[in-house]
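Letters go in sequence order (proteins before strands), and every chain restarts at 1. All of these numbers come straight from a predicted model, not from anything done at the bench.
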There are 2 protein chains.
Amino acid sequence: MTSQDEPATTRRRRRGPKLRATHPAVAPFITRAIPPYEMLTEDMLASIEAHAERLLEEIGLEIRGDAEAVRLWREAGADIVEECRVRVPKGLARTIVRRSAPATFTQHARNPARSVTIGGRCTVLAPAYGSPFVSDVDSGRRYGTLADFQNFVRLAYLSPWLHHSGGTVCEPTDLPVNKRHLDMLYAHMTLSDKPFMGSVTSAARAADSIEMCRILFGREFVDGHCVILGNVNVNSPLVLDGEASRVIRTYAAANQAPVCVPFILGGAMGPVTTAGGLAQCFAEALFCVALGQLERPGSPAILGNFLSSMSLRSGAPTFGTPEPALAYFAIGQLARRLGVPLRCGGNLCASKVPDAQAATESANSLWPAILAGANFVLHSAGWLEGGLVMSYEKFVMDLDQCGLMHVIGAGLNLDDNGFALDAFREVGPGKHFLGSAHTLRNYETAFFDAELSDNNSFEQWQQEGSHDICWRAHRRWRSLLAAYEPPALDASVDAALCEYISKRKASMPDRSY
Amino acid sequence: MTSQDEPATTRRRRRGPKLRATHPAVAPFITRAIPPYEMLTEDMLASIEAHAERLLEEIGLEIRGDAEAVRLWREAGADIVEECRVRVPKGLARTIVRRSAPATFTQHARNPARSVTIGGRCTVLAPAYGSPFVSDVDSGRRYGTLADFQNFVRLAYLSPWLHHSGGTVCEPTDLPVNKRHLDMLYAHMTLSDKPFMGSVTSAARAADSIEMCRILFGREFVDGHCVILGNVNVNSPLVLDGEASRVIRTYAAANQAPVCVPFILGGAMGPVTTAGGLAQCFAEALFCVALGQLERPGSPAILGNFLSSMSLRSGAPTFGTPEPALAYFAIGQLARRLGVPLRCGGNLCASKVPDAQAATESANSLWPAILAGANFVLHSAGWLEGGLVMSYEKFVMDLDQCGLMHVIGAGLNLDDNGFALDAFREVGPGKHFLGSAHTLRNYETAFFDAELSDNNSFEQWQQEGSHDICWRAHRRWRSLLAAYEPPALDASVDAALCEYISKRKASMPDRSY
């Protein structure tokens with residue numbers, strides 16, 4: 001490693017959480033040994049691409065209030081109408097992206113053992129993002145605070161199944177809107193040593209995020225390496241507001257990775273039919289990824305999507321429904337054809353409580369994300385109530401499912417030990433394998449064991465109080481937090497971060513926007 | 001239709017349950033427009049097949065107490081050791097199966113509109129099977145009775161998402177063991193008009209099941225058409241007891257379909273490693289399907305599997321874990337290579353209550369079954385506590401997931417209406433699609449709407465009592481049962497069935513085995 005390849009924190013003493021030593025799947029991210037699910041034929045994929053290109057060419061996207069972004073598109077060959085409508089000739093956006101966007105990149109963590117590869121066969125799981133509320137079964141539903149935010153950063157740090165600290169794991173609503181990003185980043189940087197996401201609510205806050213990374217990782221290192229992601233939503237349909245486009249350009253200019261996410265509630269911000277939403281989503285995300293490349297060719301980016309369906313009874317957004325699942329499979333294939341890493345949502349649900357509705361909806365979202373070959377799965381843990389709530393119990397329940405997906409990703413082991421011919425020879429017909437040499441040799445690592453599942457007999461379960469999984473989840477997150485110890489951080493870096501934060505906070509009055 | 005092709009009940013007046021008219025997916029079974037997930041390469045599949053063949057050739061299976069079955073295997077070319085150990089030379093079992101077993105067959109229902117195709121791109125969903133207990137949130141967990149059995153047959157009949165009435169939907173423990181199959185079959189035949197399964201606990205009871213079908217469908221029709229399935233478990237590892245082999249032969253001889261199901265709890269009835277369990281499962285199921293072909297070439301059969309993992313903490317069986325999910329994908333591919341319909345388990349779980357554990361485990365089992373391309377999914381609704389309990393609430397919760405899989409199976413609609421270019425032209429950037437002509441034209445059928453999901457706002461949900469899904473499920477199954485009306489059945493057929501049952505009951509004393 002040259003000095004430029006080495007983040008500033010490498011020399012510091014590190015102490016990670018105690019990982020489950022018996023399971024081989026524990027790793028800084030999932031490297032899938034299984035292929036993605038290829039649902040659509042080449043013809044079908046080409047048809048979706050062609051429809052996306054038609055939307056870009058015939059209708060175009062509006063960039064409202066960022067003349068520089070419009071200028072970049074004009075220079076690249078787009079047709080600009082009425083100052084802000086950008087019509088992109090067929091093939092241009094894909095050409096721009098294919099020419100320079102990396103198919104795979106590393107997001108560095110301050111602990112190099114926790115750096116993640118984003119793209120290709122790799123899948124990185126990150127906690128839920130953006131909820132104003134938090135809940136737990138003791139205290140109920142309430143506005144999130146910085147203390148909650150810190151707790152969720154700690155919980156993500158402690159889990160071997162989350163590879164990423166995420167971003168706005170909940171809104172710290174007890175802090176002024178224009179300053180809270182500083183405290184959020186400080187929490188990610190000090191309470192965890194996993195990779196994280198920065199602010200996207202304004203270009204200045206995005207710049208703050210990157211500046212703090214320069215303190216943590218070293219200025220030179222940051223210019224050459226991705227150390228932060230910024231999750232940017234398109235104002236679907238077909239609008240990119242100027243603040244969002246500046247945020248994309250800010251991250252790209254610093255060689256950091258915008259995650260470009262059309263947010264489409266079918267029937268509202270897109271058509272009610274999935275194919276149309278999919279073409280729109282692909283067009284919008286492609287447009288944003290291409291903008292990042294126009295700003296700085298070769299900078300990393302992630303192609304995102306957030307496709308939700310709608311309840312026919314109430315018009316409310318729904319999650320864990322089949323239409324977005326089908327869209328995931330399709331967009332996975334489209335992202336591979338494009339050659340850009342893909343973001344999908346993880347354990348999404350609409351339920352107000354971590355009940356069977358929440359769990360089924362979440363599984364209906366996580367399975368398609370994983371089998372679609374998603375490279376970055378946001379909202380993998382904690383999401384409740386359509387993202388309005390970050391739930392402590394749901395968080396640890398979801399962790400089990402994240403763990404399970406490590407085993408799915410690892411696929412089948414078809415070596416001689418896996419086939420166990422020696423065991424069959426030892427045991428023979430009608431006998432049991434419990435004491436066989438093969439079983440003794442393998443049982444500790446044989447099966448994934450979900451922390452929160454109760455598989456005991458009914459009688460034993462009854463003796464222990466007849467609890468459902470929420471009760472166990474509540475005890476689990478409390479005991480995790482009680483055992484938490486922060487990873488070490490060089491005192492001078494910590495001081496420099498604090499100084500930067502103080503200076504920035506002093507530079508402006510508190511604001512609620 | 002010639003008279004021989006027409007079941008005896010065709011002329012009778014039929015009244016089906018009111019199906020959800022707004023959803024296009026309502027059909028007598030799922031015909032998948034999506035491809036199965038192909039997880040393994042051809043080389044990997046060949047390796048599993050080769051290991052299965054080695055088990056059959058080197059170790060063999062024991063058929064304990066059915067000399068005729070052993071004789072059939074000897075005649076076919078197997079090597080018989082110590083009277084009951086059947087060693088099958090490499091390739092023989094697959095040759096026998098490929099020579100005559102149908103890749104696809106129709107199981108006829110007394111209502112022809114409810115007949116199902118089993119095999120190919122078709123997936124048939126059937127309720128859970130075999131639990132001694134039932135539960136609901138009012139009355140708790142208790143032994144099942146005939147009244148419960150009848151209720152579950154009614155509930156399956158009422159659901160557009162279950163295509164099959166199943167078999168032992170719960171054990172009617174209030175009836176003598178040696179007679180209850182008669183009452184179970186009578187319930188399936190009279191309270192529903194969907195296809196069903198017969199008794200497998202003895203060859204005589206299998207014969208009763210078929211005899212009752214002859215009354216219902218007509219003797220001639222039954223000889224030429226499949227009208228009943230029998231779910232037969234292998235005594236894994238590598239033993240087929242004589243009663244089971246006679247049941248397989250009884251169904252096959254009558255041209256009915258045995259479902260051949262190795263029951264393997266990894267570490268007990270098979271090795272702890274998935275590849276070994278998979279090879280064993282394939283070998284055992286192949287052996288049984290081949291036996292059916294030796295009894296009557298061309299008779300229908302289903303290749304089954306029941307692979308469960310084990311808790312490392314307690315040794316208890318676990319469900320909805322990743323190892324059986326991987327095995328499903330593999331065995332789906334193996335079944336297609338063999339050319340025989342595949343059975344997988346559906347909404348399996350270990351939880352004692354219909355909580356988030358139950359729901360996640362169930363989804364972790366149903367998703368792989370569907371994407372593996374399973375043709376017959378037993379245990380699609382109601383299963384709780386490792387199959388010990390049939391839960392009323394879980395039953396209706398699972399129905400929603402069965403419904404969802406209809407949408408997954410239908411895949412993406414990529415026609416012009418699906419792509420909605422007209423809607424984009426009408427709406428344009430930054431506007432919403434709520435009132436667009438395309439939305440109005442499509443919204444009623446656009447999204448799957450799970451009956452039991454609450455997608456309302458938190459405030460509305462709170463006003464309505466802050467209920468979780470169990471509460472809604474309880475109300476749902478009670479209202480379904482309250483609205484139930486049986487499908488009409490010709491009085492003379494009913495009388496003939498009753499007469500047969502009376503005669504059979506009178507012919508033997510009550511027994512508890």
Side-chain angles (χ1 to χ4, degrees), chain A residues 34 37 39 44 47 51 59 62 238-239 267-268 271-273 275-276 309-312 314 316 318 321-323 326 350 352-357 359-360 363 367 397 404 407-408 412 414 418-420 423-424 429-430 432-434 438-439 442-443 446-449 453 455-456 458 461 468-469, chain B residues 34 37 39 44 47 51 59 62 238-239 267-268 271-273 275-276 309-312 314 316 318 321-323 326 350 352-357 359-360 363 367 397 404 407-408 412 414 418-420 423-424 429-430 432-434 438-439 442-443 446-449 453 455-456 458 461 468-469:
Chain A
I34 60 170
Y37 173 51
M39 185 178 75
M44 289 167 158
S47 172
H51 280 85
I59 299 178
E62 290 186 3
L238 302 171
V239 172
V272 281
T273 47
S309 53
M310 190 171 70
S311 167
L312 302 179
S314 64
T318 50
T321 49
E323 295 82 9
L326 292 168
K352 262 64 74 184
V353 281
D355 63 351
Q357 178 185 340
T360 310
W367 269 100
M397 285 162 46
L404 179 143
V407 184
I408 294 296
L412 278 177
L414 297 180
F419 277 120
F424 288 106
H432 67 72
F433 289 71
L434 293 171
H438 180 268
T439 300
N442 287 282
Y443 88 93
F447 297 120
F448 178 74
D449 206 3
S453 288
N455 301 301
N456 292 334
F458 178 79
W461 173 79
D468 76 5
I469 193 173
Chain B
I34 61 170
Y37 173 50
M39 184 178 75
M44 289 167 158
S47 172
H51 280 85
I59 299 177
E62 291 185 2
L238 302 172
V239 172
V272 280
T273 47
S309 53
M310 190 171 71
S311 166
L312 301 178
S314 64
T318 50
T321 50
E323 296 82 9
L326 292 168
K352 264 62 75 183
V353 281
D355 62 352
Q357 177 185 340
T360 311
W367 269 99
M397 284 162 47
L404 179 143
V407 184
I408 295 294
L412 279 178
L414 297 180
F419 277 119
F424 288 105
H432 67 72
F433 288 72
L434 292 171
H438 180 269
T439 300
N442 286 282
Y443 88 92
F447 297 122
F448 178 73
D449 206 4
S453 288
N455 302 302
N456 292 334
F458 179 78
W461 172 79
D468 76 5
I469 193 174

Check your understanding: What heavy-atom pair brings A:P429 and B:L238 nearest, and what distance separates the two atoms?
Key -> CB-O, 3.4 Å
**Study point:** Max heavy-atom pair count under 4.5 Å with chain B, selected residue of A:A359, A:A350, A:A268, A:P354
**Key:** A:A268
Practice item. Please list, chain by chain and in numerical order, all residues satisfying side-chain contact (heavy atoms from CB on, under 4.5 Å) with A:S47, sequence neighbours excluded. Key: A:H51, B:F419
Review point. Can you tell me how far the CG atom of B:D468 sits from the CD atom of A:Q357, to the nearest 0.5 Å?
Key: 9.5 Å
Check your understanding: At a heavy-atom separation under 4.5 Å, does B:S453 approach chain A through its side chain, its backbone, both, or neither?
Key -> both
Check your understanding: If you round to the nearest 0.5 Å, how far is CE of B:M310 from OG1 of A:T439?
Key -> 7.5 Å
Review point. Can you tell me how far the CG atom of B:D355 sits from the CG atom of A:D355, to the nearest 0.5 Å?
Key: 9.5 Å
Practice item. Verify, without hydrogens or angle tests, whether B:E323 (side chain) and A:F448 (backbone) share a donor-acceptor contact under 3.5 angstrom. Key: yes
Revision key, fill the gap. Between the CG atom in A:L404 and the OG1 atom in B:T360, the distance rounded to the nearest 0.5 Å is 9.5 Å
Practice item. Please check if the side chain of A:K352 supplies one atom and the backbone of B:N456 the other of a donor-acceptor pair under 3.5 Å. Key: yes
Point to revise | A:N442 (side chain) donor-acceptor with B:V272 (main chain) under 3.5 angstrom | key: no
Review point. B:P271 versus chain A, heavy atoms under 4.5 Å apart: side chain, backbone, both or neither?
Key: both
Revision key, fill the gap. If you tally heavy-atom pairs under 4.5 Å between each of B:S311, B:S309, B:A363 and chain A, the highest tally belongs to B:S309
Point to revise | Segment of B:M39 engaging chain A (4.5 angstrom heavy-atom cut-off) | key: both
Revision key, fill the gap. Residue from A:L412, A:I59, A:L326 scoring the most non-hydrogen pairs under 4.5 Å with chain B is A:L326
Point to revise | For B:G430 against A:V239, the heavy-atom pair lying closest together | key: N-CG2, 3.3 Å
Practice item. With rounding to the nearest 0.5 Å, note down the distance linking OG1 in B:T273 to CZ in A:F447. Key: 8.0 Å
Review point. Got a second to check how far B:S314's OG is from A:N455's CG, nearest 0.5 Å?
Key: 6.0 Å
